2 protein chains.
Amino acid sequence: MKLRAVDIGKTTSAASIIFDSLRQAIIEGELNDGDPLRQDEIATLFNTSRIPVREALTRLEQQGLVESRRYRGSVVAGLSAEEAAEIFDFRSLLEGEVIAASVPKMTSASLLEARQHCQDFMDSDDPLEWGELNRRLHYALYRDSGLTYHLKVIDNALDRVERYLRAQLLMTDGLDLANREHLAILSACESGDAALAAERTRQHIQGAKHTLIDFLEKNKGQQSRI
Amino acid sequence: MKLRAVDIGKTTSAASIIFDSLRQAIIEGELNDGDPLRQDEIATLFNTSRIPVREALTRLEQQGLVESRRYRGSVVAGLSAEEAAEIFDFRSLLEGEVIAASVPKMTSASLLEARQHCQDFMDSDDPLEWGELNRRLHYALYRDSGLTYHLKVIDNALDRVERYLRAQLLMTDGLDLANREHLAILSACESGDAALAAERTRQHIQGAKHTLIDFLEKNKGQQSRI
DNA sequence: ATTACCAAGATTGGATCCAATATTCAATAT
DNA sequence: ATATTGAATATTGGATCCAATCTTGGTAAT
């Protein structure tokens, strides 16, 4: 027997489905800071009991996307300007390191894929796509480093700030600048200059941080909808 | 009435108590890589139902301390030499950055506390205490940075490798070396030299990494009990 | 009017029960 | 003897129910 079995249905638990949906809704900004997440409401929404909802919520809490208080329920976790700034610094440090480790190992396939994602990013005009496209691009640039732990942590950090990143891209020239920077990072990778790629990656993220902080300063207290 | 009620018992959920206990048992090496964690067994151990056990397990899974497979249960997550090495690199990068940010802001109280923990560490001869003492020392050195996100991530990374760290300290001169390095880091902090403190911190962690890798190479396949 | 208090409803945490899947092991066929 | 099958058991995932706590709204005392 040479065939390999492939499960058709029931491959994922209800908890995982709910987790993925909630995570997406949060990082896309469909749910806002402080929005309550009632177990019962979500359960009826997914036609399940509250049990898998609770599992999804504890996972999200561990990832810092929701905050729960005993007997008081869960809300979408907010992010102060200071926290956001810290996470951008964090990403800057880590992603610089990871891309530097990646460049010497990068295959032409990865470079090709990165270029494609770069193009996709420029072609897209749907803000909700940007997050996913950005992730794919970065993943193509980073994965050959083989630093799986680093990548997981970076991914988690990105989850926390993706909403704010979108706000930054929506600003005047935000998207153009991001595209130019992506191309610059890519070309540094293609020429095999690890240090340059790292530096440009750090600058890219630091730039995003500062534009975002300016944005938050201007709209201070206005509880801006993104 | 001016007093604020403070619950004596019941302040923490059953899930949290179970989570803390399991986490401690794992990072102390009381439970070993691959050991199965049966929901029923743990539930009877804590005189609860399986519900809070499941919450504890999903939290631990999110932190990478256990691995769960659908319908197959959870086991204590193992760590290959490569993964361990990567996490040490990760810590080296982050902790260097954090201590550098901390030094210029460090209060004399923190320095004093750090020196005390350093002393405690030297006085202790109980391997099971080392983890906690090490954490306290590092926390005293890092906290004034105010980089709470970084600190949380570092703490999590430490959870993953603490067992292996103990193995490294138990080696000949391992403890003496660690103590000397701690003192060197502390003195760099006291003299306000952020760059030096960062460099020594990175070296401290890199050193630990290499001793550990040598150790794992030597005992390859012997499934060593720590 | 303001504050303290108490009861009713809402919501979460945990227990118990049932369903779905995996594992074990004896029985059978080769 | 070895491999295969299938029933019995073990274990997890999810549903339902109960208990503990919070929240809200109204009432009474000052």
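Just so it is clear, the structure is predicted and the values come from calculations on it, not from any experiment.
Closest to the side chain of B:R50, out of D:dG13, C:dG13, C:dA15, is D:dG13.
Across all strands, A:T48 comes closer than 4.0 Å only to sugar-phosphate atoms, never to a base (heavy-atom distances).
With rounding to whole Å, A:I51 atom CD1 is found 15 Å from C:dC17 atom P. Atom CD1 of B:I18 is separated from atom C1' of C:dG13 by 12 Å (rounded to the nearest Å). The distance from atom CD1 of A:I17 to atom C1' of D:dG14 is 13 Å, rounded to the nearest whole Å. Rounded to an integer number of Å, the gap from CD of A:E41 to C1' of C:dT12 is 15 Å. Between the CZ atom of B:R70 and the P atom of D:dG13 there is a distance of 7 Å, rounded to whole Å.
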Could you pull out the protein-nucleic contacts involving nucleotides 7-11 of chain C (nitrogen or oxygen on both sides, under 3.5 Å)?
none

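Contact check of residues 54-62 of chain A against DNA chain C (heavy atom, cut-off under 4.0 Å) returns A:R54.
Looking at residues two or more places apart in sequence or on another chain, you find a ring pair (Phe, Tyr, Trp, His ring centres under 6.0 Å) between B:H150 and A:F90. With sequence neighbours excluded, no residue forms a ring pair (Phe, Tyr, Trp, His ring centres under 6.0 Å) with A:F19. With sequence neighbours excluded, no residue forms a salt bridge (Lys or Arg N to Asp or Glu O under 4.0 Å) with B:E67. In this structure, A:D125 has no side chain to side chain contact (heavy atoms under 4.5 Å, CB included) partners at least two apart in sequence or on a different chain.
Enclosure of atom OH in A:Y139 is not indicated, since only 12 or fewer non-hydrogen atoms of other residues, nucleotides or ligands lie within 6.0 angstrom.
Of the options B:L141, B:L147, B:L151, B:D144, a side chain to side chain contact (heavy atoms under 4.5 Å, CB included) to B:S102 is made by B:D144 and by none of the others.
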Exercise for the section: Please test A:D20 against A:R59 for salt bridge (Lys or Arg N to Asp or Glu O under 4.0 Å), starting from the C-alpha separation and ending with a verdict. Expected result: CA-CA 10 Å; A:D20 289 339; A:R59 283 203 228 174; 5.9 Å; no
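In this structure a side-chain-to-backbone donor-acceptor pair under 3.5 Å is present from B:R166 to B:I27.
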